[in-house]
> 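One structure coming up, written as structure tokens, with questions to follow.
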Amino acid sequence: MKPAYLFLGGAAIGAIAALLLAPESGEDLRARLRSILQKKLDSATTSEDELAMIMEKISADLDDDKEIKE
């Protein structure tokens with residue numbers, strides 16, 4: 001159990017040090033993180049839409065192959 005406490009203590013110290021030494025204000029950091037996350041979300045949505053289109057095409061191709069074999 002001792003290593004877990006050491007890990008958590010180190011993580012807490014690291015988080016405090018990061019906040020104290022951060023080169024920008026919390027408001028600026030939150031805005032930058034929000035922007036990064038929004039871009040990632042938009043990218044994921046685009047990827048999801050592209051994946052759905054690919055799956056529909058594969059499904060249509062499989063249906064066409066099935067009709068040809070019958």
Side-chain angles (χ1 to χ4, degrees):
M1 195 57 93
K2 188 174 180 179
Y5 289 124
L6 291 174
F7 175 77
L8 292 175
I13 290 170
I16 291 169
L19 290 173
L20 292 174
L21 300 173
E24 56 190 334
S25 71
E27 186 175 323
D28 293 340
L29 180 61
R30 285 190 298 273
R32 188 165 56 100
L33 288 174
R34 190 176 305 117
S35 173
I36 291 169
L37 290 174
Q38 186 62 47
K39 288 177 185 174
K40 294 293 183 185
L41 179 62
D42 292 344
S43 174
T45 303
T46 300
S47 296
E48 185 179 314
D49 293 342
E50 289 172 359
L51 182 59
M53 289 174 49
I54 291 169
M55 293 299 291
E56 288 175 10
K57 183 171 181 348
I58 291 172
S59 178
D61 289 347
L62 288 173
D63 288 342
D64 289 344
D65 287 346
K66 184 178 176 183
E67 290 173 4
I68 291 172
K69 289 182 181 178
E70 291 178 346

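Everything numeric here is computed off the predicted structure, so don't read it as measured data.
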> If you round to the nearest 0.5 Å, how far is CG of L51 from CD1 of I58?
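Rounded to the nearest 0.5 Å, the CD1-CG separation comes to 8.5 Å.
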
> Mind checking side-chain hydrogen bond (donor to acceptor under 3.5 Å, both in side chains) for Q38 and listing every partner two or more places apart, or none if nothing turns up?
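Expected list: D42.
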
> I need the L37 CG to K40 NZ distance, nearest 0.5 Å.
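Reported value, rounded in 0.5 Å steps: 9.5 Å.
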
> Any Lys/Arg nitrogen of K57 or D61 sitting under 4.0 Å from an Asp/Glu carboxylate oxygen of the other?
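Yes, this pair counts.
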
